[in-house]
Amino acid sequence: MIKEIHDQDFAKETDTGIAVVDFRADWCPPCRMMDPILKSLSEDANYKDKVNFVSLNVDNDKEIASQFQVQGIPTFLIKKDGQVVSHLVGARPKPAFEAELQKALD
């Protein structure tokens with residue numbers, strides 16, 4: 001499951017454990033293209049209890065997007081215990097995204 005978050009709860013949701021943050025907008029076709037991939041990964045038994053998948057709409061919540069210098073969407077941050085370990089810009093195939101996620105788990 002992917003939880004929608006906002007600027008004010010960003011730290012609480014992403015500073016512990018491993019978190020995948022999806023910076024997105026509803027009008028963005030590449031963002032919508034990534035939705036089934038993220039949903040599939042969030043429901044995968046390998047990640048379900050190990051990774052917190054969250055989504056932040058850049059049209060509604062600009063402060064955190066600005067803080068992380070998000071200039072294109074979709075942008076994904078993979079955080080481990082509050083530290084960014086991967087910064088990905090643009091849609092990508094599931095195997096490539098999963099490879100980046102696996103690096104954070106290793």
*Asks:* Nearest 0.5 Å, what's the OG-NZ distance between S42 and K39?
*Replies:* 6.5 Å

*Asks:* When you look at CD of Q69, are more than 12 heavy atoms from neighbouring residues, nucleotides or ligands closer to it than 6.0 Å?
*Replies:* no

*Asks:* Would you find a donor on one side and an acceptor on the other, under 3.5 Å apart, between the side chain of D22 and the backbone of F76?
*Replies:* no

*Asks:* Could you walk me through whether F53 and K48 pass the side chain to side chain contact (heavy atoms under 4.5 Å, CB included) test, one step at a time?
*Replies:* CA-CA 9 Å; F53 287 84; K48 192 171 185 145; over 6 Å; no

*Asks:* What is the distance from atom CD1 of I78 to atom CD1 of I18, rounded to the nearest 0.5 Å?
*Replies:* 9.0 Å

*Asks:* A side-chain contact here means heavy atoms from C-beta on lying under 4.5 Å apart; do V20 and L101 qualify?
*Replies:* yes

*Asks:* Tell me the salt bridge (charged side-chain N to carboxylate O under 4.0 Å, His left out) pairs involving residues 3-15, sequence neighbours left out?
*Replies:* K3-E13, D15-K79

*Asks:* Supply the atom-to-atom distance E98 CD to D44 CG, rounded to the nearest 0.5 angstrom.
*Replies:* 6.0 Å

*Asks:* Are L41 and M34 connected in the hydrophobic side-chain network, where two residues link if heavy atoms are under 4.5 Å apart?
*Replies:* yes

*Asks:* Taking it one step at a time, do F10 and F68 satisfy ring pair (Phe, Tyr, Trp, His ring centres under 6.0 Å)?
*Replies:* CA-CA 12 Å; F10 179 82; F68 285 95; 5.5 Å; yes

*Asks:* If we only count heavy atoms from C-beta on, is the I64 to F23 side-chain gap below 4.5 Å?
*Replies:* yes

*Asks:* Just verifying a value: how many Å separate N57 CG and K62 NZ, rounded to the nearest 0.5 Å?
*Replies:* 8.5 Å

*Asks:* Taking side-chain hydrogen bond (donor to acceptor under 3.5 Å, both in side chains) as the test, write out the residues that go with S40, two or more places apart.
*Replies:* K94

*Asks:* Answer whether the closest heavy-atom distance between the side chains of V54 and L56 falls below 4.5 Å.
*Replies:* no

*Asks:* Testing D35, V70, V58 one by one against R24 for a side-chain contact (heavy atoms from CB on, under 4.5 Å), which residue passes?
*Replies:* D35

*Asks:* In the structure I gave you, are the side-chain heavy atoms of F97 and L38 within less than 4.5 Å of one another anywhere?
*Replies:* yes

*Asks:* Please report the shortest heavy-atom distance between P93 and I37, naming the atom on each side.
*Replies:* C-CD1, 4.4 Å

*Asks:* Check residues 84-92 and write down every donor-acceptor pair under 3.5 Å in which the side-chain atom is one partner and the other belongs to a residue at least two apart or another chain.
*Replies:*
from, atom 1, to, atom 2, distance (Å)
S86, OG, E100, OE1, 2.7
R92, NH2, V89, O, 3.0

*Asks:* Mind checking the CG-OG1 spacing from N52 to T16? Nearest 0.5 Å is all I need.
*Replies:* 9.5 Å

*Asks:* Other residues, nucleotides and ligands only: do more than 12 of their heavy atoms fall within 6.0 Å of CD on Q8?
*Replies:* yes

